[in-house]
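What follows is a short report on a single structure.
Per chain, numbering begins at 1; letters A, B, ... match sequence-line order. Both backbone and side-chain heavy atoms feed into the values below; hydrogens, waters and symmetry mates do not. These figures come from a predicted structure and were not determined experimentally.
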2 protein chains.
Amino acid sequence: MATRIALVDDDQNILTSVSLTLEAEGFEIDCYHDGETALRGLAQRPVELAVLDIKMPRMDGMELLQKIRAGSSLPVIFLTSKDDELDEALGLGMGADDYITKPFSQRLLLARIRAVLRRASHGDMDPEGPNIVRQGELLMDPDRHLCSWKGNEVKLTVTEFLILQALAARPGMVKNRDQLMDAAYGESIFLDDRTIDSHIKRLRRKIRALDKEFDNIETLYGIGYKYRAS
Amino acid sequence: MATRIALVDDDQNILTSVSLTLEAEGFEIDCYHDGETALRGLAQRPVELAVLDIKMPRMDGMELLQKIRAGSSLPVIFLTSKDDELDEALGLGMGADDYITKPFSQRLLLARIRAVLRRASHGDMDPEGPNIVRQGELLMDPDRHLCSWKGNEVKLTVTEFLILQALAARPGMVKNRDQLMDAAYGESIFLDDRTIDSHIKRLRRKIRALDKEFDNIETLYGIGYKYRAS
DNA sequence: ATGCGTCGCCGCAATCCCGCCGCAAAGCCC
DNA sequence: GGGCTTTGCGGCGGGATTGCGGCGACGCAT
């Protein structure tokens, strides 16, 4: 039996082109032009995955996601416009399984859909899935090298990103400088311990530039650092 | 015969993904959405381990744990959202065997489950398990460098932590100053015995700042110290 | 070559920790 | 009780650790 997918977008072009592609791949597609009709339709014809545009008339994707998630664990992929990374951040924070920025290729969407479906059925053990870190107000998406604090993007360098990721992925866990070094570079590299301190300094400075109160990177004297969930 | 595990969470996402993973590993999973139904279900279908979310509608994990522990010694692992919340400290103080902060990887949960099961069957001699010390109102978690007394965090330095850990890990056992020195530093170090006295002094002071009545670190004249279970 | 961003490291100041001292109080033995 | 030992505790000075500004090197694109 074919996998049924709901597609919700107010742009008729996208609706038709995407549905054609997906149907060619053997999926069954339910198209909706706005959130309200989608919600009603979903109640009658359940699907196994939903692709939602964020910006829509009458009921936008965010609201729709909330209502969907209120009653089920339906996997959801967001479509977002290029510029508002804030929206994507919020979407992910709200629990979307993945998201794609417009314009996107059909091939990419297809790959994401398959990945999300695979994860939904096999549990989270899929190593290819988006490895999104979400800790309170902090949001990190390694695939897109995206980091945001309270919805505002924080521009991080690669090294900073890896260190923060290592800390935030396991909040509360104490990491010594060697462990953070391993996370940022591979193992077996010879660098001064204090280099980590510099990166921590820059991390704190960058996030504090957005939020004076930020203090979730905690120092443990003589041990290392840990990320404190807010 | 497969090991049966109860999984209690109000988040359907977690329920499905975790249960799928665990079933793939050969466990049998009983899912519950809230504490009340879980309690009823457990009475009818006993399990060998329970994984509980702390925050749940109708009856939260804490209350559920109490009721479970009232009648059995079922191993329990907690799921928590916030790391520093003393909720977990209380949960552990109440007798949970381990806890994991969300978000967590399936791999990690699996490892914890196996560790807890192994400890439950082989006694407490498992060296890989979480090295959590729980003695009455005192709680220590070396991985997070977390120490709490009656639910309030006590900020300890590394040396203090190690000494208190050595004492509390074997309550009632007398430790002389050399033994405590070995616990804090490696063996083969040359220091004045009285240094231990200083650390004991600071430990008592820090905990007494939270609780005037604290007197579980007992002095044995001419011998050493011991931690008295309350 | 020039400009730009990143990175590793340095040096200084501030903070934290710890080992020890000295004195008073308590314990032990006679 | 007398005398000795042991412990509690305030405090102190030195050493270790960390925050932070900054600098020169390097890679990279123009």
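- Terminal axes of the helix from C/dA1-D/dT30 to C/dC30-D/dG1 (five pairs each, C1' rotation axis) are separated by 30°, to the nearest 10°.
- Under 4.0 angstrom from either OP1 or OP2 of C/dC18 there lies no side-chain N or O belonging to B/Y185.
- Rounded to an integer number of Å, the gap from CG of B/D193 to P of D/dT5 is 16 Å.
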Review point. Salt bridge (charged side-chain N to carboxylate O under 4.0 Å, His left out) between A/R112 and A/D98: does it pass, once the steps are laid out?
Key: CA-CA 8 Å; A/R112 293 292 165 87; A/D98 206 345; 3.7 Å; yes
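- B/F190 comes within contact range of no nucleotide atom at all, as no heavy-atom separation falls under 4.0 Å.
- The phosphate of C/dC17 has neither OP1 nor OP2 within less than 4.0 Å of any side-chain N or O from B/H199.
- Atoms CG and NE2, from B/D143 and B/H145 in turn, are 12.0 Å apart once rounded to the nearest 0.5 Å.
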Revision key, fill the gap. In B/S/- notation (B base, S sugar-phosphate only, - none; protein heavy atoms under 4.0 Å), nucleotides 16-26 of chain D written 5' to 3' is BSBBBBB----
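- A donor atom on one side chain and an acceptor atom on the other are found under 3.5 Å apart for A/T219 and A/R204.
- Taking atom CG of A/L191 as the reference point, atom C1' of C/dT6 lies 14 Å away to the nearest angstrom.
- To the nearest angstrom, C1' of C/dG27 lies 14 Å from CD of B/E218.
- Using cut-offs of 30° and 60° on the angle between ring planes, the pair B/F214 and B/W149 is perpendicular.
- For the salt bridge (charged side-chain N to carboxylate O under 4.0 Å, His left out) with A/E160, the lone residue among A/R205, A/K206, A/R202 that qualifies is A/K206.
- In B/R170, the CZ atom is not crowded: 12 or fewer heavy atoms of neighbouring residues, nucleotides or ligands sit closer than 6.0 Å.
- The CG atom of A/L203 sits 13 Å away from the C1' atom of C/dC7 (whole-angstrom rounding).
- Checking the phosphate oxygens (OP1, OP2) of C/dC18, a side-chain nitrogen or oxygen of B/T159 falls inside 4.0 Å.
- Per the geometry, CD1 belonging to A/I163 stands 12 Å off C1' belonging to C/dG8, to the nearest Å.
- In this structure, CD1 of B/I196 is placed 13 Å from C1' of C/dC20, rounded to the nearest angstrom.
- In this entry the distance linking CD of A/E160 with C1' of C/dG5 reads 11 Å, nearest Å.
- The side chain of B/T195 lies closest to C/dG19 when the candidates are C/dG19, C/dT6, C/dG8.
- Within a 6.0 Å radius of CD in A/E187, other residues, nucleotides and ligands contribute 12 heavy atoms or fewer.
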Review point. Run the salt bridge (charged side-chain N to carboxylate O under 4.0 Å, His left out) check on B/E218 and B/R228 step by step: do they pass?
Key: CA-CA 7 Å; B/E218 207 167 331; B/R228 190 181 62 255; 2.8 Å; yes
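- Between the P atom of C/dC18 and the CG atom of B/L180 lies a distance of 15 Å, rounded to the nearest Å.
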Exercise for review: Check the pair B/D215, B/R208 against salt bridge (charged side-chain N to carboxylate O under 4.0 Å, His left out), reporting the backbone distance first and the verdict last.
Suggested key: CA-CA 8 Å; B/D215 63 344; B/R208 277 194 192 135; over 6 Å; no
